[in-house]
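Source: prediction; values computed, not measured.
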Amino acid sequence: MTARTQGYFFVFITMCIWGGFTIFSRLNAHWHVSVWDLMAMRFAIASLILIPILIYKKDFAFLWHPRPVILALIGGLAYCLTVYTAFLHAPAAHAAIFLNGCIPLCTAVAAYLLFKQPFDKNTWLSLLIMMGALALMSYLMLHDQAAALGWGDLLLFISAAWWGLFTVLLKQWKLSAWHSTAGVVIWSAILYLPIYLLFIPKHFQDAEPIHLVIQGLFHGILVVIVATLSYVAAIERLGAFKTGSIVTLAPFIAAIVAVPLLNEPLNAAILCGLVGMGIGALQPWRWFRKDSLTTQLEQQKQG
């Protein structure tokens with residue numbers, strides 16, 4: 001395969017996993033898998049795979065820097081706790097709006113607050129579109145009590161804020177995909193698993209063993225390791241903008257799939273939010289710029 005074809009292949013893998021993250025996280029509510037148990041399985045399985053690789057590579061020095069610990073607290077523990085809890089209370093369509101749709105905005109805000117990086121015109125335009133979509137969605141929800149916002153939606157937005165902060169720190173500190181993945185997983189396991197084993201009640205008996213196995217393997221291997229590697233590989237072949245734009249579609253597709261698959265509602269208010277937040281996150285107007293990919297590649301080379 002050519003480099004371009006390989007890039008689209010890796011994008012497809014990433015989309016399947018990222019879209020599956022929404023579906024499988026929602027299935028926890030149906031399968032009665034505890035958030036605490038899922039986090040333990042995620043970090044334990046991933047660390048059992050990554051630690052032998054670190055031993056083989058003799059690559060440990062980066063772990064003793066405080067930055068991987070901070071990233072683990074934000075992008076590992078805090079994000080997983082809020083996002084998995086949110087999926088127990090909010091449908092997939094709400095996740096596409098308040099989590100995936102808000103991540104680009106939260107990332108831009110975090111970059112401005114922490115490092116004074118100004119909003120560019122694309123960010124301002126996305127902000128206006130998103131605010132308009134949320135306002136219209138809220139207005140429509142006033143006439144549909146069944147579609148009212150709830151606790152899960154707030155947790156989804158908090159999760160977007162955690163991930164935006166994590167993304168900005170990751171970019172600013174220039175950690176490689178391998179070091180960031182290994183650091184977050186291993187430090188999350190070190191910090192969380194002792195507390196989980198000693199103090200947190202276990203609820204494995206509430207779920208079917210096959211469901212626990214599926215969730216553990218999906219979140220511990222596919223989400224943490226495979227999706228990260230495929231996403232980085234796609235960026236190397238297609239560029240950051242094109243890869244990010246295509247992959248961002250995955251949660252919105254998952255929201256539509258969840259309607260027949262999980263019997264979740266989809267009304268005019270939520271559909272309005274999906275379309276508006278999708279446009280704001282994807283920034284489709286940039287696709288019509290001939291120099292968009294070239295510009296992104298130049299920015300990557302500059303740092």
Side-chain angles (χ1 to χ4, degrees), residues 18-19 21-23 25-26 78-79 82-83 85-114 116-168 241 244-259 262-289 292:
W18 283 17
F21 177 82
T22 300
I23 301 297
S25 296
R26 278 295 293 157
Y79 174 76
T82 55
V83 78
T85 304
F87 274 115
L88 297 179
H89 305 283
H94 289 220
I97 295 169
F98 294 105
L99 175 63
N100 304 99
C102 290
I103 282 178
L105 174 61
C106 292
T107 303
V109 171
Y112 174 77
L113 293 177
L114 291 179
K116 303 303 180 184
Q117 296 180 12
F119 289 6
D120 58 20
K121 60 181 181 180
N122 292 309
T123 303
W124 279 115
L125 183 55
S126 292
L127 176 60
L128 292 175
I129 294 173
M130 290 177 175
M131 294 300 293
L134 291 175
L136 180 56
M137 185 179 70
S138 300
Y139 173 78
L140 293 174
M141 281 183 170
L142 292 176
H143 303 281
D144 187 358
Q145 295 298 322
L149 301 179
W151 174 245
D153 301 301
L154 176 61
L155 288 176
L156 287 170
F157 181 77
I158 294 174
S159 301
W162 286 129
W163 196 257
L165 177 60
F166 172 79
T167 301
V168 170
F241 172 65
S245 297
I246 299 174
V247 170
T248 302
L249 283 171
F252 294 91
I253 296 174
I256 304 300
V257 173
V259 175
L262 302 178
N263 196 28
E264 295 190 349
L266 185 64
N267 51 39
I270 298 301
L271 189 60
C272 173
L274 282 173
V275 173
M277 299 301 285
I279 293 174
L282 289 170
Q283 300 181 1
W285 58 88
R286 295 178 64 185
W287 282 87
F288 297 101
R289 291 172 49 189
S292 60

* side chain to side chain contact (heavy atoms under 4.5 Å, CB included) partner of Pro251, chosen from Leu99, Asn100, Ile103 -> Asn100
* To do: Taking the side chain as every heavy atom from C-beta outward, state whether Met277 and Leu134 have any pair of such atoms under 4.5 Å apart.
  => yes
* To do: Quick one: list whatever passes side chain to side chain contact (heavy atoms under 4.5 Å, CB included) with Leu113, sequence neighbours left out.
  => Val109
* **Test side chain to side chain contact (heavy atoms under 4.5 Å, CB included) applied to Leu274 - qualifying residues, sequence neighbours left out** => Ala93, Ala96, Ile97, Phe252, Ala255, Ile256, Leu266, Ile270
* Asked: Quick one: side-chain hydrogen bond (donor to acceptor under 3.5 Å, both in side chains) partners of Ser25, sequence neighbours excluded?
  -> none
* In chain order, what residues pass the side-chain hydrogen bond (donor to acceptor under 3.5 Å, both in side chains) check against Ser159, with sequence neighbours excluded? -> Thr82
* Asked: Excluding sequence neighbours, so at least two apart, what forms side chain to side chain contact (heavy atoms under 4.5 Å, CB included) with Leu128?
  -> none
* Asked: Looking at residues at least two apart in the chain, or sitting in another chain, which of them share a side chain to side chain contact (heavy atoms under 4.5 Å, CB included) with Ala111?
  -> Gln117, Val168
* To do: Tell me, please, which residues at least two apart from Phe166 pass ring pair (Phe, Tyr, Trp, His ring centres under 6.0 Å).
  => Trp163
* What residues form a side-chain hydrogen bond (donor to acceptor under 3.5 Å, both in side chains) with Thr107, not counting sequence neighbours? -> none
* To do: Kindly determine whether Cys106 and Trp162 satisfy side-chain contact (heavy atoms from CB on, under 4.5 Å), including the steps that lead there.
  => CA-CA 8 Å; Cys106 292; Trp162 286 129; over 6 Å; no
* Val83 vs Phe21 side-chain heavy atoms within contact, under 4.5 Å -> yes
* Student check: side-chain heavy atoms of Leu155 and Phe98 closer than 4.5 Å -> no
* **Pairs flagged by salt bridge (Lys or Arg N to Asp or Glu O under 4.0 Å) wherever residues 264-276 is involved - sequence neighbours left out** => Arg26-Glu264
